[in-house]
Colleague: 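The following block contains the structure, expressed as structure tokens.
Indexing begins at 1, ligand by ligand and atom by atom, following the structure's order. It should be emphasised that the depicted structure is a prediction, and the values quoted were computed from it without experimental measurement.
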Amino acid sequence: MTNRAFPPATGRVPPGAIGHNRGVVRSNYAFMPPEGVLISRLPQYKDTIVRVLAAPVLGAAFAQYVLEIAPGGGTLAAFSEDSVQHFFYVLSGEVALSIDGAAAQGMAPGGFAYLPPATPFTLRNESGEPVRVLALRKRHEPAPSLTVPEPILSHQDAVPMTNHTGKEGRGFQFLLPYGDMRFDFEMNLMWFKPGVCFPAVETHVMEHGLYMLEGQGLYLLGEEWHEIWAQDFIWMGGYCPQQFYPTGHDDACYLLYKNVNRDVAL
Ligand code: UGY
Ligand code: MN
């Protein structure tokens, strides 16, 4: 074999790979099934595959990723960024997070962490199994007389399920302290019984990064409906008309980023 020959085949292209794509990218929203999101790597991580879901090049004012950390992988050294907040949510496996030099603590699936700007952290996979972590970075928007929040390390099981809508079949878990004006974003677990949609199509200034965790449904973005299920990602820019209609037999749940608590920049 010369060095110009094709490497030996390791698999076949699946049917539909040429003409079928559930993914859509528009000026103020994007729908992304996982199979099309190619891998990247980052210099601050070793043995870690990074799948970038949202980035400014898409139109988003934040960045969101899935990190796939192999056993022994993760940050090479403590990492921090001035003015940038980090959020982590464990999708599968167990990861060890150290905040500001403190002893590392294990995070299981459903575990999450918020890090204010300029907070050094390490995120490492010290287990023998691969780990998947949803990560988000957002530039902090300071507001007069408000201090910067403290770090948070917790688990979704410790967060109460609420329902401010009063509508049957809805459930909300606000992973960050709801209504605390020091935070300029929310990360919310949104739960739905099958068939329970929003009371109206929403059109609002806030932006979203949506990662589907459980169940399935139909998502309205602009004027198009998309069938959505676990591991699909949606970016919704400001004023993107949106509605969710959960289908199937099981509850649906997604993790939703939303920028809040700050005035419009003019
Ligand atoms: O709070 C929200 O903006 C939420 N209802 N939007 C959404 O789930 N697309
Ligand atoms: Mn919304």
Colleague: Using the side chain to side chain donor-acceptor pair (under 3.5 Å) rule, pick out the option among Y219, W191, Y211 that qualifies with Y254.
Modeller: Y219
Colleague: Between Q243 and W225, does the side-chain hydrogen bond (donor to acceptor under 3.5 Å, both in side chains) criterion hold? Intermediate values first, please.
Modeller: CA-CA 9 Å; Q243 173 61 290; W225 286 94; over 6 Å; no
Colleague: I need the contact type for L210 against ligand 1. Using non-hydrogen atoms and a strict under-4.0 Å cut-off, is it side chain, backbone, both or neither?
Modeller: neither
Colleague: Name each donor-acceptor pair under 3.5 Å that joins a side chain in residues 28-40 to protein atoms two or more places apart or in another chain, with its distance.
Modeller:
from	atom 1	to	atom 2	distance (Å)
Y29	OH	E224	OE1	3.1

Colleague: Which protein atoms of type N, O or S are found under 2.8 Å from the Mn ion (ligand 2)?
Modeller: E202 OE1, H204 NE2, H208 NE2, Q242 OE1
Colleague: As an exercise, identify every atom of ligand 1 less than 4.0 angstrom from a heavy atom of Q242.
Modeller: 6 (N), 7 (C), 9 (N)
Colleague: Show, in sequence, the C-alpha distance, side-chain angles and deciding distance for Q156 and Y89, and conclude whether the side-chain hydrogen bond (donor to acceptor under 3.5 Å, both in side chains) test is met.
Modeller: CA-CA 9 Å; Q156 69 182 69; Y89 175 88; 2.5 Å; yes
Colleague: Among H204, E202, Q243, whose heavy atom sits nearest atom 5 (N) of ligand 1?
Modeller: E202
Colleague: Tell me the contacting part of K258 for ligand 1: side chain, backbone, both, or neither, using a 4.0 Å heavy-atom threshold, strictly below.
Modeller: side chain
Colleague: One residue to check: Y219. Relative to ligand 1, which of side chain, backbone, both or neither has a non-hydrogen atom less than 4.0 Å away?
Modeller: side chain
Colleague: Measuring from non-hydrogen atoms of F172 to any atom of ligand 1, is the shortest distance under 4.0 Å?
Modeller: no
Colleague: Under the ring pair (Phe, Tyr, Trp, His ring centres under 6.0 Å) test, which residues partner H204, sequence neighbours left out?
Modeller: H208
Colleague: Judged by non-hydrogen atoms, does Y254 sit under 4.0 Å from ligand 1?
Modeller: yes
Colleague: For F198, which part has a heavy atom under 4.0 Å from ligand 1: side chain, backbone, both, or neither?
Modeller: side chain
Colleague: Do the two ring centres, one from F112 and one from F88, sit under 6.0 Å apart?
Modeller: no
Colleague: Could you tell me which atoms of ligand 1, counted from 1 in the order shown, lie closer than 4.0 angstrom to a heavy atom of M190?
Modeller: 4 (C), 5 (N), 8 (O)
Colleague: Ring centroids only, cut at 6.0 angstrom: are F244 and F198 within range, meaning strictly under it?
Modeller: no
Colleague: Between R51 and E68, is there a side-chain N and carboxylate O pair less than 4.0 Å apart?
Modeller: yes
Colleague: Just to verify, what does Y239 make a ring pair (Phe, Tyr, Trp, His ring centres under 6.0 Å) with, not counting sequence neighbours?
Modeller: none
Colleague: Taking the six-membered ring of W235, is NZ or CZ of R26 closer than 6.0 Å to its centre and within 45° of its axis?
Modeller: no
